[in-house]
Structure formats: structure tokens, C-alpha cells
Amino acid sequence: MNESERKVMQITPKSADFSKWYVEIVQKAELADYTPMKGMMVIRPHGYAVWENIQKGLDQRIKAAGHVNAYFPLFIPEGFLKKEAEHVKGFSPEVAWVTIGGKEELEERLAVRPTSEAIIGYMYAKWIKSWRDLPVLINQWANIVRWEKVTRPFLRTTEFLWQEGHTCHETAEEGEAETLAILALYREFCESELAIPVLSGRKSLSEKFAGASMTYAIEALMSDGKALQMGTSHNLGQHFSKAFDIKFEDRGQTLQYVWQTSWGMTTRTIGALIMVHGDDSGLRFPPRIAPVQVVVVPISIGKWRETVLPTAEAVADGLQKAGLRAVIDAREEMTPGWKFSEYEMRGVPLRVEIGPRDVQAGQAVLVRRDTRAKETVPLASLGARVPALLDEIQAGLLAQARAFLEANIRDAADYTAFKDIIEDKRGFVRAPWCGDEACEARIKAETMATIRVIPLDEKEAGTSEPCVACGAKGQVLAYFARAY
RNA sequence: CGGGACGUGGCGCAGCCCGGUAGCGCACAUGCUUGGGGUGCAUGGGGUCGGCGGUUCGAAUCCGCCCGUCCCGACCA
């Protein structure tokens, strides 16, 4: 029996129907489930455990960069939201409103936060008086509500979870440095923890956050060839400090508006983990964020409870004591084969099989989720081999995703080539752009591709080649793609 | 919000065209059996057929409205 025949079919193959594959994996792996309310999902324990690991990794990095956590209210008075004109215009189509409290109609309706710049800006104005109060480096873990018309589990839901950082600085340069430092932090997090390589850069003005001077983003490529924004970092300039009157007395005793940034990553990254690493057998989680890193499956044959189970339990116990997230599945009622499929669906990176033959020989069989490669290891070596193998899996997933990303970045010399690539191959297209918004809009209308990022490095981004769409003198090389 | 498809035990579906009071597979429960890639057999529980209204002696089936889900587009993390 070869590898492909051995695979148990539980879900629609990726190649047959990617969207169907995605929603089936979400449900079969018990990451999330639908509720009776449109667009609102339950993040089930297995999915939430992934989020907790993402939180842990991000929170640690954000704090190491000098930030502290706080919590601001869920509701924002309408007047606050209206203070920054572009901001309210950008978000008004998707804000949910509270108009009644108990039985009383409210004098001023309250927005359920679509993001917290407004309420935080109001508070910052109270707290900041002097250059000695700066910088303010606050992060918040919160839920957000945006009344979306089209929803998909994790990728776009009415309510989602995220972290949002909100900082204030003395100078424009410090604000820009903070924005870029967070962008780099996000990139490092995605690559080292999620094993997802990303392109980073700035957004075009039409794609920037409502109320920002400049938006930077990291973009990943899903295995169906569509791009997904993994995180954004905004340089807010003085837009909000002017709207909310966040002033400080500078070192020269002059009153100045602070320079602000905001930045966020969301539960959407769980969707990326599914779409970047998943295969036809289910999830493939990178060990660093996998809720369960190792599953020990005793092979139940004959008197296995006496002959096999004690060894299997000792192995699981040893792995746990070594600090690994290891479980044993000693359920009587399931066959080993059933369990193999189950843990593959759930993305467990490494399986340890222990049967009577193994106990006799003092060994165990290790099976990688990413490659399905098997190896036999002496029990005495497990303590060293298992962590090493998890590192290999983590690196292997990243390498595989990076190879896919790089193979799907293509240059387009002219518009015909551009359209062909977007239509037939998808992925990212790197092409010269004149910088004109009308040109960008035309490309979007005709190809459904948008500018995902413009590289930061001037050498990489700068070009004098003609714009791929209009033929005018190009200003930058931009990465285009169809996106989620 | 526009175009399309679909809502029948937990899941996947048949039944609808041609009205007569609901069936199959998986899952679930119990027992035996089996166990190195979703064992096999037996028995059993579970459904106001998405909702509301209409036609009819009688509606899962015909008609109308509403709701939801998925896909393809316009807006977004």
C-alpha cells in the first residue's frame, strides 16, 4: 500500500474545492463551529488552544519590546468615533450600535468597538502632559465587532479577537521607527512561530487604514495562491492627536501634538495556519504553536494493557516532564488506525507508536505529520530525539512554505503577462506601478488583483520601468495578488 | 449588497417532479469480536423534514414570504 492509498479520506481534497476543504477542516478538526447567529462562530477548545499559543508568543515579544498591557471599554460614544473624519468614514459601514441600556433609550448611542483608536485617544489626552510622559507604549488584547456582509470562520467573522497596540511618541521619526519595529516583530513572529514566511512592506494609499498616514503590512501566500494579510502596523502621524487633542509640552517648552502608531494581529492568523500548512489529511501545525505536540498511541494487540500500556505511559510521562505538550491516547474503543487519522486531522506534529514488538525491542516508532516519514528510535533516546525532530518539523514546514512562496512570486513585464499570471497561476506578481490610484483601481477592476505591499527597501522598490498597466514611467515595484 | 446553489435525526444524503404521515450511510448506545492506517457482526435510541403562512380531507412533497449556509463578485483584519 503506498502513501496516497493509505490516506484516509475524511474531507474534500484541497485540489477539488479549496473553500470546501477549508470549512470542512475547521469543523472536523474541531477548531470552530457555527452558531445560530450569522457570522458568529465558537472558537472550540482545540482552536482556542492555538490562539492561546499565538497570544503567548506575541505577548512575550510585545512586552520584550517595552510595551505593557491594559484594557479599554468595549463601547465607544458615537461622538468619539466622529472626531477623526477619515476614521469614521472608513468604519461606519460596519459598526454595530447600542441604542438601549436596560429599558432606557441612550442619549448618545454607543459603538461596539470596531477598533479602539477613538476611546484610547480620548484617554491619552487625559494622561499625557509632558515629554516626560512619553513614549506611551500600551497594548490591549480584546474582542472586536465589525458587521461584515460576507463571513468565513477565522478569516472574517462578525466578532474576532486580536491585540491592538497604541503608542504615542515625541517625534515623527520615533513614531515611524515604532511602526517599522512592530512590522519586523510581526514578521519574525510569523516565521519563527507560525512557520509562515511573509512579504512585508507598505500599503498603497487606497489600502491604508482609515485615519493613518501610512499603513505597513505583512502578507502571506495561501496554498491556493491567494494572499492573506497577517498583520498591520499603522503610522497614525498626528491625525488622532489633533482630533483628540493629545498634546504635550516638549523639551523646549512648546506645546506639541504627539505622534502615534497602532498595530494589530488577529484570530485570522489561525486561518492562515490552516491554509498554508494543511493538506488532504487535515491540519499540519508547526510544533511551536501546536496545542498537542506529541501523541503517544499504544498499539492495542492482545493483552496490550499489561504488555504495552505501562511503557507507553512512561514514555508520555517522560515527554511531559521534559516540557513537551504530549498526550497519550489509551482509549480501548478506538483502533490505532482510527487514532492515527484523528491526530493527523488535528495537526499533531509527531506521533509515537508503541506496540508489543517495540516494547520487546526497547524502541518506539516516530511518525512525522509533515512528511509522514517513520523512524525507529530506542526508548532511551526519545528524550533527545523527540525535541530534535520537533525542531526539524518546525523548520521543514517553514522551508516548504517558503519554497512555495518563492515559486509563486513572478515578474510581469507587460499587462498581458500580468493578467495571465493572475488568472492562471495566481500567487504574487511583482510589477512596476506608476503610483496613480486610477491605474491601481483599473487593475483591481480588471484582474481582481490588488497591491498587497510595496517593498520598503528603496533599491528593491524603486524602478523606472514603465507602469505595467498604463505604460507611464513607473515609480515603484509593487507586489500584486488576489487576496482574501 | 448583486448572481447562483442548497436547507430532511449530530454529519453526509435519498424521498419532492407525480401529495397519503420519513428512509439510507456514517456517527451515537449496548454486547461480542477485532486491533502496527478509520475492524466485523448483532441489537437499540434519536427527526414538529430551516421558519411562518397558504392550497388541500391530507403537505417533506404544491404556492408565497422570511431566515440561514456555501460558491462567484463589490467592502474589510
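Below, chain A is the first sequence line, B the second, and so on; all start at residue 1.
Counting any heavy atom pair closer than 4.0 Å across all strands shown, I144(A) reaches no nucleic acid atom. T157(A) comes within 4.0 angstrom of a base, heavy atoms only. Among the atoms of the strands shown, base atoms are found under 4.0 Å from some heavy atom of Y484(A). Backbone-only contact: Q229(A) has heavy atoms under 4.0 Å from sugar-phosphate atoms and none from a base. Across all strands, V297(A) comes closer than 4.0 Å to no nucleic acid atom at all (heavy-atom distances).
Checked by atom type, the side-chain pair W304(A)/E306(A) shows no donor-acceptor distance below 3.5 Å. There is no side-chain donor-acceptor pair under 3.5 Å between Y216(A) and N235(A). Counted by atom type alone, E440(A) and S206(A) present one or more donor-acceptor pairs between their side chains at under 3.5 Å. Side chains of T261(A) and W263(A): a donor-acceptor N/O pair is present below 3.5 angstrom, by distance only.
Separation of the P atoms belonging to C70(B) and G12(B) is 12 Å when rounded to the nearest angstrom. C66(B) sits 27 Å from G15(B) when the P atoms are compared, rounded to a whole Å. Nucleotides A14(B) and C49(B), compared at atom C1', are 13 Å apart to the nearest Å. Nucleotides A74(B) and A22(B) place their C1' atoms 43 Å apart, quoted to the nearest Å. Nucleotides C17(B) and C63(B) are separated by 9 Å at their P atoms, to the nearest Å. Rounded to whole Å, the separation between the C1' atoms of G20(B) and A60(B) comes to 13 Å. Between the P atoms of G53(B) and G45(B), the separation comes to 32 Å (whole Å). G10(B) sits 26 Å from C52(B) when the C1' atoms are compared, rounded to a whole Å.
Taking atom CD of residue E24(A) and atom P of nucleotide U69(B), one finds them 17 Å apart after rounding to whole Å. When rounded to the nearest whole Å, the span between CD of E332(A) and P of U33(B) equals 11 Å. If you take CD of E344(A) and P of G36(B), they are 14 Å apart, rounded to a whole angstrom. As rounded to whole Å, 13 Å separates atom P of A27(B) from atom CD of E333(A). As a whole-Å value, the separation of R331(A) CZ from U39(B) C1' is 16 Å. Nucleotide U69(B) holds its C1' atom 13 Å from the NZ atom of K20(A), rounded to whole Å. Atom CE in M40(A) sits roughly 10 Å away from atom P in U69(B) (whole-Å rounding). One interatomic measurement links the two molecules: CE of M41(A) to C1' of U69(B), which rounds to 16 Å at whole-angstrom precision.
With a cut-off of 3.5 Å on both Watson-Crick or G-U wobble distances, the partner of C49(B) is given as none. As the counterpart of C18(B), no nucleotide is assigned, since no Watson-Crick or G-U wobble pattern has both distances under 3.5 Å. Figure legend. G7(B) is base-paired to C67(B); pairs are counted as Watson-Crick or G-U wobble with both atom distances under 3.5 Å. Pairing of C24(B), defined by two Watson-Crick or G-U wobble distances under 3.5 Å, is identified with G12(B). When both distances must be under 3.5 Å, the Watson-Crick or G-U wobble mate of A74(B) does not exist. Base pairing of C41(B) is made with G31(B), judged by Watson-Crick or G-U wobble geometry with both donor-acceptor distances under 3.5 Å. Across all strands shown, the partner of C62(B) is G54(B), judged by Watson-Crick or G-U wobble contacts whose two distances both fall under 3.5 Å.
For the segment residues 200-219 of chain A, the set of residues with a heavy atom within less than 4.0 Å of an atom of RNA chain B is empty.
The side chain of P153(A) approaches C70(B) more closely than any other nucleotide in the set C76(B), C28(B), C70(B). Of all nucleotides listed (G37(B), C76(B), G35(B)), C76(B) comes nearest to the side chain of R146(A). Minimum atom distance to the side chain of T335(A) is reached by U34(B), of the listed G37(B), U34(B), C28(B). Relative to the side chain of S300(A), the nucleotides C71(B), G36(B), G35(B) differ in distance, and G35(B) lies closest. Of all nucleotides listed (U39(B), G35(B), C28(B)), G35(B) comes nearest to the side chain of I299(A).
Heavy-atom distances to RNA chain B give each of M230(A) and V23(A) a nearest nucleotide, and the one nearer the 5′ end belongs to V23(A). Where M334(A) and H234(A) meet RNA chain B, the nucleotide closest to each residue was compared, and M334(A) sits on the side nearer the 5' end.
The six-membered or imidazole ring of F91(A) lies near that of F209(A), with a centre-to-centre distance under 6.0 Å. Remark: aromatic rings of H166(A) and Y124(A) are distant, center separation not under 6.0 Å.
The phosphate of C71(B) has OP1 or OP2 within less than 4.0 Å of a side-chain N or O from R152(A). Residue S19(A) has a polar side-chain atom (N or O) positioned under 4.0 Å from OP1 or OP2 of C71(B).
In this structure, R156(A) contributes its side chain and E148(A) its backbone to no donor-acceptor pair below 3.5 Å.
Using a 4.5 Å heavy-atom cutoff, the side chains of L31(A) and I43(A) are not in contact. Residues E188(A) and R61(A) are in side-chain contact: their nearest non-hydrogen atoms beyond the backbone lie under 4.5 Å apart.
With rounding to the nearest 0.5 angstrom, the CZ atom of F244(A) is 9.0 Å from the CD atom of E117(A).
Residue pairs that meet the salt bridge (Lys or Arg N to Asp or Glu O under 4.0 Å) test with at least one member in residues 207-222 of chain A, sequence neighbours left out, are E86(A)-K208(A), K203(A)-E219(A), E207(A)-R452(A), E219(A)-R452(A).
K83(A) NZ: more than 12 foreign heavy atoms inside a 6.0 Å radius.
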All N/O contacts under 3.5 Å from nucleotides 73-75 of chain B to the protein, with atom names and distances to one decimal?
unit_1	atom_1	unit_2	atom_2	d
C75(B)	OP2	K444(A)	NZ	3.1

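None of V348(A), V327(A), L390(A) except one satisfies the side-chain contact (heavy atoms from CB on, under 4.5 Å) rule with V294(A); the exception is L390(A).
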